[in-house]
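Contents: one structure, followed by commentary.
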Protein chains: 2
Amino acid sequence: MSSRRAEQRNRTEARILTAARKLFAELGYDRATIRAIAAEADADPGLVMRYFGSKDDLFARAAAFGDDDHVTGTPEQAAEQLLTALEHKLADEPTEALAALRSMFTHPDALSEVRSGMVARQRQAAGHLAPDDADLRAGLLGAVTIGAVIARHLLRLDGVADAEPERVTALLRGAFHEIAYGSIRSDDA
Amino acid sequence: MSSRRAEQRNRTEARILTAARKLFAELGYDRATIRAIAAEADADPGLVMRYFGSKDDLFARAAAFGDDDHVTGTPEQAAEQLLTALEHKLADEPTEALAALRSMFTHPDALSEVRSGMVARQRQAAGHLAPDDADLRAGLLGAVTIGAVIARHLLRLDGVADAEPERVTALLRGAFHEIAYGSIRSDDA
DNA sequence: GTCTATAAAGTGATAGAC
DNA sequence: GTCTATCACTTTATAGAC
C-alpha cells in the first residue's frame, strides 16, 4: 500500500494541506491563490490541482468549523460548558476554523460551513437553557462566542488579543449565566 | 455652480455610490467588481473610474465604520448607553458599516477602518467602566456588540436575525452590566 | 509522478472617439 | 461629459512533455 513513491506523495499532499490551511486562515479564500499555496508548500501548482481536484475541494478539506461537545444538564451547567468551550477556542489558534471564519463573509461555501455548524449547536444548546426565548438565548451565546473569537484571533483587539483565556472567561462568566437563564429586564439599570 | 450637466453628473455619481455600498455590503471588496457596480447603478464602468479614481478610493468613500456617541457617567450608565447603541445597530441595516464589516477579513483597508474605529471607542469607554481590567472589559463589550451585529445582519442566525431589537437588548442587558462592572468570578456557577 | 506551457476567463485601469 | 475598445495582468484549470 505504501511504496516509496506513494509515501512521498502523501507527504507533499500533507504539506500542501497545511499550507492551504495557513494561507486560507491568513488571507481568506479569494486572496489565497493556488500558486501561493504551492509556493508555501514548496510544491508545484499543478500538483495541487492534481491532488485535490479544484480550489473549492481543497478549501473544503482545509477549512472546517469543527464540532463542539454537546451541552447537558441544567442551564447553569450548560453556561459553564459553553464557557470552557470558549476558553479552548481562545487558548489555541484553530487554523481550520479560522480559515472558515475568515472566508465566511466572502465565500458562500465558507458561510454555509459556519452557519450550519452554529445553528446545529444552537439547536442542541437551546434545550438546556431557560425555556422562555431559548432559541434567542442560544443564538446570543453563539454570537458572544464568535464575537470573542473574532476579536481575539482575527481583529486582534487591544486587551482581548493578549489576555489570558481564563481572565476572559472569568469576565464573561456572569454574562454567560445571565444570557443562559437570567430574567429579561427591559430597563432597570 | 450647477449647470444641467453638473446636476446630471452629481446624480449618477450618487447612484454609483449607493450601488457600491450595496454591493460591497453584499459581496465584499473583492467580489464586488467595478463592472457589477456600474451595472447596478445603470452607469458606465469607465465613469466609475473617472468619478472616483480607483476602486480603493471608491471603497473608502462607500464603506465607513461610523462614530458612536461617547459614553459618560457611571459604569451602570455606560452599560445602558452601549446597549442602546447596539439596539440602533440591530434595528436598521447600516449599509456603510456592513460594507466595512463584510470586507474586513479579506481587505486590509477595511480591517484598518474597523479596527481603528473599535479601539477608539474602546479607549473612550474604558474610562467609564470598573477600573480593574477596564481595557479588557471595554474590548469584550465591543466583541459582544460586533458579534451580535454579525450574527444578525451577516450570519443571519436563527432567532437573532428576526428578533425584535428590544428583545435582544433586554436579554443582553444583564450581560452588559456584568461585563461593565461585575465582579470577576473564576468558577462558582 | 512531477512539472512546463498554455488556454480561457475575468479583473482594474487607460486612451481616445464621439 | 459619456462611452467604446483595449491593454496588461492575474486567476483557475488543463494538456502534454519529461
Side-chain angles (χ1 to χ4, degrees), chain A residues 1-24 26-63 99 102-103 106-110, chain B residues 1-24 26-63 99 102-103 106-110:
Chain A
M1 179 58 189
S2 75
S3 67
R4 221 202 261 88
R5 296 203 102 154
E7 247 179 57
Q8 173 63 13
R9 168 180 164 143
N10 287 343
R11 226 175 307 169
T12 63
E13 189 172 323
R15 235 171 41 237
I16 289 170
L17 196 56
T18 62
R21 271 196 255 274
K22 180 184 174 194
L23 291 193
F24 282 137
E26 282 176 5
L27 304 172
Y29 180 86
D30 285 311
R31 285 166 125 95
T33 66
I34 291 200
R35 286 166 166 80
I37 291 169
E40 172 83 24
D42 269 314
D44 188 272
L47 284 186
V48 178
M49 298 299 297
R50 182 151 178 71
Y51 291 167
F52 294 91
S54 74
K55 187 181 178 179
D56 270 307
D57 292 344
L58 174 59
F59 182 78
R61 293 200 38 194
R102 187 177 290 276
S103 307
T106 43
H107 188 56
D109 291 1
Chain B
M1 180 55 189
S2 74
S3 67
R4 223 205 255 88
R5 298 202 99 152
E7 247 179 55
Q8 172 64 12
R9 166 177 166 146
N10 287 343
R11 227 175 305 168
T12 62
E13 191 173 321
R15 236 171 41 239
I16 289 171
L17 197 55
T18 63
R21 272 196 256 272
K22 179 184 175 194
L23 291 193
F24 281 138
E26 282 176 4
L27 304 173
Y29 180 86
D30 285 311
R31 284 164 125 96
T33 66
I34 291 199
R35 284 165 167 81
I37 291 169
E40 172 83 22
D42 269 313
D44 188 272
L47 285 186
V48 178
M49 298 300 296
R50 182 153 178 72
Y51 291 167
F52 294 91
S54 74
K55 188 182 180 180
D56 270 306
D57 292 343
L58 174 58
F59 182 78
R61 292 199 39 193
R102 186 177 291 276
S103 307
T106 43
H107 188 57
D109 291 2

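As the structure is a computational prediction, the values presented were derived from the model and not from experiment. Proteins come first, then strands; the chains are lettered A, B, ... in the order of their sequence lines, and each starts at number 1.
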Using 4.0 Å as the upper bound for N to carboxylate O, is an ion pair formed by B:Asp30 and A:Arg31?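 Salt bridge between A:Arg31 and B:Asp30, a charged N being under 4.0 Å from a carboxylate O: yes.
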Please classify the nucleic acid contact of A:Tyr51 as base, sugar-phosphate, or nothing, using heavy-atom distances under 4.0 Å.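 If one applies the 4.0 Å heavy-atom cut-off, A:Tyr51 turns out to touch the sugar-phosphate alone, with no base involved.
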Have a look at A:Ser54 and say if it touches a base, only the backbone sugar-phosphate, or nothing, with a 4.0 Å heavy-atom cut-off.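 Contact class for A:Ser54: sugar-phosphate only.
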Between which nucleotides of DNA chain C, 5' to 3', does chain B make heavy-atom contacts below 4.0 Å?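 The contact span of chain B on DNA chain C goes from C:dT11 to C:dT14.
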How long is the straight-line distance from CG of B:Leu23 back to CD1 of B:Ile34, given to the nearest 0.5 Å?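 So the CD1 of B:Ile34 and the CG of B:Leu23 are separated by 12.0 Å.
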Nearest-0.5 Å distance that lies between atom CE in A:Met49 and atom CG in A:Asp57: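 Those atoms lie 8.5 Å apart.
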So, the side chain of B:Lys55 versus the backbone of B:Tyr29: is there a donor-acceptor pair under 3.5 Å, distance only?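 At least one qualifying donor-acceptor pair exists.
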Shortest non-hydrogen contact from A:Leu58 to A:Phe24?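 Heavy-atom minimum between the residues: CG-CE1, 4.2 Å.
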Which atoms form the tightest heavy-atom contact between B:Arg102 and A:Thr106, and what is the distance?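 For B:Arg102 and A:Thr106, the tightest heavy-atom pair comes out as O-CG2, 4.1 Å.
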Between P on D:dT14 and CG on A:Asp57, what's the gap in Å once rounded to a whole number?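 Computing the A:Asp57:CG to D:dT14:P distance gives 11 Å.
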Is there a side-chain contact between B:Leu17 and B:Tyr51, using heavy atoms and a 4.5 Å cut-off?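 No, too far: nothing below the 4.5 Å cut-off.
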Of the residues in residues 28-36 of chain B, which ones touch DNA chain C at a heavy-atom distance under 4.0 Å?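 Per residue number, the list reads B:Thr33, B:Ile34, B:Arg35.
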Most 5' of A:Met49 and B:Leu47 on DNA chain D, judged by nearest nucleotide: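 Looking at the nearest nucleotide for each, B:Leu47 comes out on the 5' side.
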From B:Arg35, B:Lys22, B:Arg15, residue fulfilling side chain to side chain donor-acceptor pair (under 3.5 Å) relative to B:Glu40: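 Only one option passes, and that is B:Lys22.
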